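Below: one structure, written as structure tokens.
Just so you know, these numbers come straight off a predicted model, no measurement behind them. Indexing begins at 1, ligand by ligand and atom by atom, following the structure's order.
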Amino acid sequence: MLLSNSFIPILKNNPSEAKIKSHQLMLRVGMIKQASAGIYSWLPLGFKVMKKIEQIVREEQNKIGAQEILMPTIQSSEIWKESGRYDDYGEEMLRITDRQNREMLYGPTNEEQVTEIFRSSIKSYKSLPQLMYHIQWKFRDEIRPRFGIMRGREFYMKDAYSFDVSDEEAFFSYNKFFLSYLKTFKRLDLTAIPMAADTGPIGGNLSHEFIILADTGESKIFTDKRIFDLNSDDTQLEKSSLEKMRKKYEQFYAVTDEKFNKDEFEKIVSKENQLITKGIEVGHIFYFGDKYSKPMNASVDLPGGKKDFVKMGSYGIGVSRLVGAIIEAKYDEKNEIMKWPLSVAPYDIALIPMINKNDNSALDRANNINSELLKNNIDAIIDDTDENFSSKIKKMNLIGAPYQILIGKKSEGDLLEFKETGGETQNLPLNKIIEIINKQKNSI
Ligand code: P5A
């Protein structure tokens, strides 16, 4: 892709309205454009990153047997009246009246909608478990939308729902999502810590927030540092292995401020392991049993002939928020260098030719390199503008392709000046560069 043909409206300076680095960078490199308070258009660069995140989230949901559906953004108030949440949800719910004077709403979440789908078709325990998810826009009329897409009013969420015959089976489903979240965030090159959390308007009494550390995060967290050394690599998708994995995480104190108890924290966690810091909530999972199935009458026949309300959980990931969360984790704002994880990068590599007046040889060379890269499924952006070399490098450092080839005086003969964005340059032939990138791609 040529930069001159791309819609990447870059600003020279940091926009003054942005308070945190993800919001600054997203506006600076034209990833988003505000439409109104807390509502954004996604421009090509931002959209590309979000779609890649969405795809990773989708693949990890599919791996645990969740089935993708798509529910509407606009819901009828009827089902919310059935569950009892229509009044409880308060001013965060955007209420709409259609031309027949029917009360509708822009969905802030989909527990009711999915329960309504389930109850109309599934009647027997034999069809359980059912895991379903969709990736869809949500609207919450947040009182204080801020930090760009981090706390938007309109935002993109993956929300999944599980239906089981008993608490025991429902915990199995819960643990599958727990594992799938750890794997999803790992593929995004993030360390997300599961923390015991409050359930708020979703309800239930078992819940974990998945939090990544960031000074600008809105969640205050209290944790035992050792939780950061854990991984789920050896966990199998079966009951006992999943239980063991969740216990392994739960043995360490890790809570957000709503669940914090100072005496307990100081008693359980030794001084040297205590960590009090801030983080960004990128996912949240809930188990709430029959909170929705009972008032909405979603029941199944049990083996003995009796009926019971189906046991449900719900599982959210902030797909649009993750774009900002990755920037918070990866952007070196002092040196103005962004390096996207290759798994979600808008481009794999930036080609930066030094173009002199009346001499197109560097640009020709960039185009030739690009053809080779394309054959190897490597997506490059070429800065074909006639700006000077150093401002091109600065611009590409912000766009954040994880690799760069500088095509100037030092890229001579077969050897190209290659670097990881923000790293040291190396002189390498193109086939070696392709090998490095593909090796990295295959490892994620
Ligand atoms: C779980 C799925 C739910 O809504 N119902 C369906 C449950 N959970 S939640 O915690 O309220 O939201 C899930 C994730 O969505 C992101 N998120 C937001 N992102 C951007 N702007 C917002 N205003 C916003 N609100 C929630 C978070 O990542 C959250 O973990």
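Closest of all the heavy-atom pairs between G90 and R95 is O-NH2, 2.8 Å.
At a heavy-atom cutoff of 4.0 Å, ligand 1 is contacted by both the backbone and the side chain of E281. Contacts with ligand 1 closer than 4.0 Å are made by backbone heavy atoms (N, CA, C, O) of I149 only, the side chain lying farther away. Contacts between L322 and ligand 1 below 4.0 angstrom, taking non-hydrogen atoms only, are absent altogether. Residue contacts with ligand 1, taken as heavy atom pairs separated by less than 4.0 Å, do not involve F210 at all. Contacts with ligand 1 closer than 4.0 Å are made by side-chain heavy atoms of R321 only, the backbone lying farther away.
The nearest heavy-atom contact from the protein to atom 6 (C) of ligand 1 is T109 OG1, 3.2 Å. Closest to atom 25 (N) of ligand 1, if we only count protein heavy atoms, is F155 CZ, 3.5 Å. Of all protein heavy atoms, the one closest to atom 14 (C) of ligand 1 is G318 N, 3.9 Å. M157 CE, 3.7 Å is the protein heavy atom nearest to atom 13 (C) of ligand 1. When only non-hydrogen protein atoms are considered, atom 20 (C) of ligand 1 lies nearest to M150 O, 3.3 Å. The protein heavy-atom contact nearest to atom 21 (N) of ligand 1 is G152 N, 3.1 Å. For atom 11 (O) of ligand 1, the nearest protein heavy atom (residue, atom name, distance) is R140 NH1, 2.8 Å. The protein non-hydrogen atom at the shortest distance from atom 3 (C) of ligand 1 is I202 CD1, 3.7 Å.
Per-residue contacts place D159 under 4.0 angstrom from the following atoms of ligand 1 (heavy atoms of the residue considered): 2 (C), 6 (C). Within the listing of ligand 1, atoms 1 (C), 2 (C) sit less than 4.0 angstrom from a heavy atom of Y315. Listed by number with element, the atoms of ligand 1 under 4.0 Å from a non-hydrogen atom of V282 are 28 (O), 30 (O). Each of the atoms 30 (O) of ligand 1 lies under 4.0 Å from some heavy atom of G283.
A cation-pi contact links K48 to Y347, judged by a cut-off of 6.0 Å to the six-membered ring centre and 45° from its axis. With Y249 as the aromatic partner, K247 does not meet the cation-pi criteria of under 6.0 angstrom to the ring centre and within 45 degrees of the ring axis.
The shortest side-chain heavy-atom distance between Y403 and L342 falls under the 4.5 Å cut-off. Looking at heavy atoms from C-beta onward, N110 lies in side-chain contact with K138 at the 4.5 angstrom threshold. In this structure the side chain of L351 reaches within 4.5 angstrom of the side chain of L373, judged on heavy atoms. In this structure, the side chains of M296 and F309 stay at 4.5 Å or more apart for every pair of heavy atoms.
Note on K63 versus E59: no salt bridge recorded, every NZ/NE/NH1/NH2 to OD/OE distance being 4.0 Å or above.
Using bins of under 30°, 30° to 60° and over 60° for the plane-to-plane angle, the ring pair F185/F210 lands in the tilted bin. Taking the six-membered ring for Trp and thresholds of 30 and 60 degrees, Y174 and H208 have ring planes inclined between 30 and 60 degrees apart. Aromatic ring pairs are classed by plane angle as parallel below 30°, tilted from 30° to 60° and perpendicular above 60°; the pair W137 and W42 is tilted. Using a 30° and 60° split on the angle between ring planes, F265 and Y253 fall in the tilted class, from 30° to 60°.
An N or O contact shorter than 3.5 Å links E142 to ligand 1 by distance. For ligand 1, the polar-atom distance check against E111 finds a nitrogen or oxygen pair separated by under 3.5 Å. Considering backbone and side-chain atoms alike, S320 places every N or O at 3.5 Å or more from each N or O of ligand 1. For the pair K158 and ligand 1, the shortest N or O to N or O distance does not fall below 3.5 Å.
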